[in-house]
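All remarks here apply to the structure that follows.
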Amino acid sequence: MPAILEVKELVKNYGDFAAVKGITFDIQEGEIFSLLGPNGAGKTTTISMLSTLYAPTAGDASIAGHSVTRDPMAVRNVIGVVPQDIALYEDLTARENLIFWGQMYGLSGKSLNTRVDEVLEQIGLTDKAKNRVKTYSGGMKRRVNIGVGLLHKPRVLFMDEPTVGIDPQSRRAILDTVKDLNKKGMTVLYTTHYMEEAQELSDRVGIIDHGELIALGTQKELTQQVGQTETLILHLGENDDPEALAKSLDGVKDVLEAIATDHEVSVIAHEAEEVLAAVVTKANERGIKIHSIDIREPNLEAVFLHLTGRALRD
Amino acid sequence: MLKTIIIGFKDLRLVFRDRAALVFMLLAPFLLTIGMGFVTGRFSGNSGGIQDIPVIIVNLDNAELGDALVDVFNSEDLAELVEPATSSDPEAARQLIDDNQAAAAVIIPEGFTRSIIPAEGTMTDPNFAEADPISIEVYVNPAKPTSAGVIKAIVDEFVSRVDEGRTSGMTTIFQMLMTGVITPQQAETEGRSLFEDVDQTESTALTLKTDDEGAQAVEFDILAYMAPGMALLFLMYTVSYGGRSILAERAQGTLPRLLVSPTSSAQILGGKVFGIYLTGVAQISILILASAIFFQVKWGDPLGMTALILAAVFGATGWGMLITAFARNPNQVASIGSAIMLIFGILGGSFIDLGMMPPAIQFISKITPNAWALDGFTTLALGGGLAQLTEPIVALLIMGVVLFAVSVMIFGKKNLAQK
């Protein structure tokens, strides 16, 4: 499959601060590619450069053969952008918003009205199209926000954390919409700090942290980086010291790694059950109360933990 | 171009859906105009204009020109406009003004006529030619600025005509003397004849005429000054509100979204400016229409009015853009915009007739669109047409062009998308 988006050594500096430090990746046509990383990792800055909002400090990217630095207007014609924050006119109705944004993408007349009707149907707001956006719930606004990005049937859709701050039902609807769009052939670049979303949606995932792409591949390829391991997550009390427990687990038989995070200790082992008894004993010896224990199969969270020593939500 | 227009009309629609903005743009100036109308007694009379301005005339001159000025105030042309009363005591007249009993006292000093028309035998005296005429005193009531302004205008016009006649008469006589066309004895006779002509013309030349052929005295409606005054005051609110919307769109994410659509920065900025301009034109037009419908204000030449509105909003929009270009966030625009609105309102004559202001303030007022536009509106209300509006319209257009150029330069150095 040909690459529809190619990113080469993209850099963005704000004064002395390097927000994106020379990342390189590509996205194949028809793929859902997720950029997974914690807040402040550089996801939005990357999307802002790819969508031509900010000029890169160095490097370049091409989308459908158009350079974001040399031919931004051509890039804008083939991309759709769903920003992280709701970017709509709240005093206009959903239909008025869609008509306005459709006009900004060059649609007009009958084709504009037809397309607006289709998008309203797609986002499930046909019945409430004549209500002003300010009367909508957060989830409904998110759906209109997505609808605007779809109006001109872009070849590549950039979605920047589109599920932040919404209820589970709306979140589900948005994830289903993304999958549906992808089934119809749309390439999607999706940024998130929710590991579950990246796992559910993505063909490939790029893990980004502190402006650097620290891992890239399919989920299978990424989880193989941490080996065939399981993670035992110990949830501790507020007054307990996870650092002390993690340190005490060094050298315990079959424990590959123990990482302390906020009120938790993640213990990586080939077989979690095999180390469970030893871990509980160590906790008891230090008077540390374990509130609950989770056992997780290898996942992207574990990959991030393995690569950075931090949890995604940190 | 099409996208620019679409953005402009979108902004116009948004403004008219913002109740708070509508209160400031339309209701506030309308209510203030009504309030000012009541304060000035505009709504207590039967006529639509200023009427029966009480004026005290003290004629200490008791000679030809003093009598002529008294005749002017008692003329039929001004019968409806002024209500003159006479007094022989200047101090008593001033006291009546201080007691708010009249709009102004016109005190014609003793020797006024003799300072202009020489007594027999003094016509060729060089000291007379070089001497300054004695001034007429107009003691005004600051509580009635517009009425006092009308009285002052009548006297100014009279003095101007007299001075004009005096200067040309003196010049003619001396030229004739110097070239030997007349003898000093003939100069006396010719000169008196010329000055008497000046005297004779005053009674018909001194009302504020509407146009060249106008024979009627002007019926100046105070609301024709106050309504645009208030409208222009709040026009500055509108343009700063519009400017604020540029920065507000940046903060709420719609501006970055526009910037990643296939729409150029120039189209977006042009659309925003067009939106501000449209809103300003709509605001002033609605206010003027409303005052015509509800208060029967006669606005004069529609063509001149349209041109003046378009130019005034253009100049004001330039200020709105400049404020926006300098500000970093919407709150800064709001703060600076409110301050500018009030300063320009005061400087530009929205509250106090500029004619009552010191010359320095009148000079500074030229930086405000309010002053130029009010000048134009007053000209229209006094019967002028598009031809008489050239100066204010050109000034407003130049103001707009210069301010837009500076704003674009500043915007050019900024990243529109950067929060």
Side-chain angles (χ1 to χ4, degrees), chain A residues 12 14-15 44-45 47-55 63 66 68 71-93 96-97 99-109 112 132-134 141 144-146 148-149 151-152 154 156-158 160, chain B residues 1-25 241-242 244-272 274-276 278-279 330 412-419:
Chain A
K12 184 67 185 176
Y14 295 106
T44 299
T45 306
I47 279 206
S48 296
M49 286 188 284
L50 295 179
S51 60
T52 74
L53 184 61
Y54 300 155
I63 301 171
H66 307 291
V68 296
D71 196 2
M73 204 55 91
V75 169
R76 291 172 196 170
N77 276 308
V78 295
I79 61 168
V81 181
V82 179
Q84 184 173 348
D85 298 319
I86 307 289
L88 300 169
Y89 298 103
E90 299 237 330
D91 275 321
L92 298 184
T93 67
E96 287 168 343
N97 262 288
I99 286 175
F100 171 76
W101 289 108
Q103 288 169 325
M104 290 302 104
Y105 279 92
L107 303 177
S108 62
L112 172 64
R132 290 193 193 176
V133 168
K134 68 180 176 188
K141 288 178 185 174
V144 182
N145 206 35
I146 291 172
V148 169
L151 278 164
H152 60 297
V156 182
L157 183 65
F158 295 156
D160 191 11
Chain B
M1 185 65 184
L2 182 63
K3 286 183 183 176
T4 299
I5 293 168
I6 291 168
I7 292 170
F9 276 100
K10 178 266 298 173
D11 278 358
L12 182 66
R13 179 183 281 182
L14 284 172
V15 169
F16 277 84
R17 286 186 182 176
D18 183 343
R19 284 183 195 168
L22 288 181
V23 166
F24 271 98
M25 282 169 45
Y241 175 94
R244 199 165 71 221
S245 84
I246 295 176
L247 303 183
E249 282 217 40
R250 190 166 73 184
Q252 74 196 26
T254 43
L255 183 61
R257 188 165 216 168
L258 277 167
L259 288 165
V260 299
S261 73
T263 311
S264 68
S265 299
Q267 284 175 309
I268 295 167
L269 201 56
K272 296 299 296 178
F274 182 56
I276 299 170
L278 272 182
T279 309
K413 290 179 181 171
K414 286 184 172 182
N415 182 349
L416 268 183
Q418 200 78 51
K419 288 186 185 178

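Contacts between K10(B) and chain A at a heavy-atom distance below 4.5 Å involve the side chain alone, from C-beta outward. Neither the backbone nor the side chain of N97(A) comes within less than 4.5 Å of any heavy atom of chain B. For chain A, no part of L2(B) is nearby; none of its heavy atoms comes within less than 4.5 Å. Using a 4.5 Å cut-off between heavy atoms, I86(A) touches chain B through its backbone atoms (N, CA, C, O) alone.
Between the side chains of Y89(A) and Q252(B), no donor-acceptor pair is found at a separation under 3.5 Å.
Every residue meeting the salt bridge (charged side-chain N to carboxylate O under 4.0 Å, His left out) condition with K141(A), not counting sequence neighbours, appears here in chain and number order: E90(A). Annotation: side chain to side chain donor-acceptor pair (under 3.5 Å) contacts of Q267(B) (sequence neighbours excluded): S264(B).
For M104(A) against T263(B), the heavy-atom pair with the smallest separation is O-OG1, 3.4 Å. Pairing each heavy atom of D91(A) with each of L14(B), the nearest pair is CB-CD2, 3.7 Å. Smallest separation of non-hydrogen atoms from G253(B) and A87(A): O-CB, 3.4 Å. Nearest heavy-atom pair, T254(B) versus W101(A), reported as atom, atom and distance to 0.1 Å: O-CH2, 3.4 Å.
Among the residues in residues 71-80 of chain A, those with a non-hydrogen atom closer than 4.5 angstrom to a non-hydrogen atom of chain B are M73(A), R76(A), N77(A).
Identified under the salt bridge (charged side-chain N to carboxylate O under 4.0 Å, His left out) test for residues 253-270 of chain B, with sequence neighbours left out: none.
Residues F100(A) and L258(B) are in side-chain contact: their nearest non-hydrogen atoms beyond the backbone lie under 4.5 Å apart.
Here the CZ atom belonging to R17(B) is positioned 9.5 Å from the NZ atom belonging to K134(A), to the nearest 0.5 angstrom.
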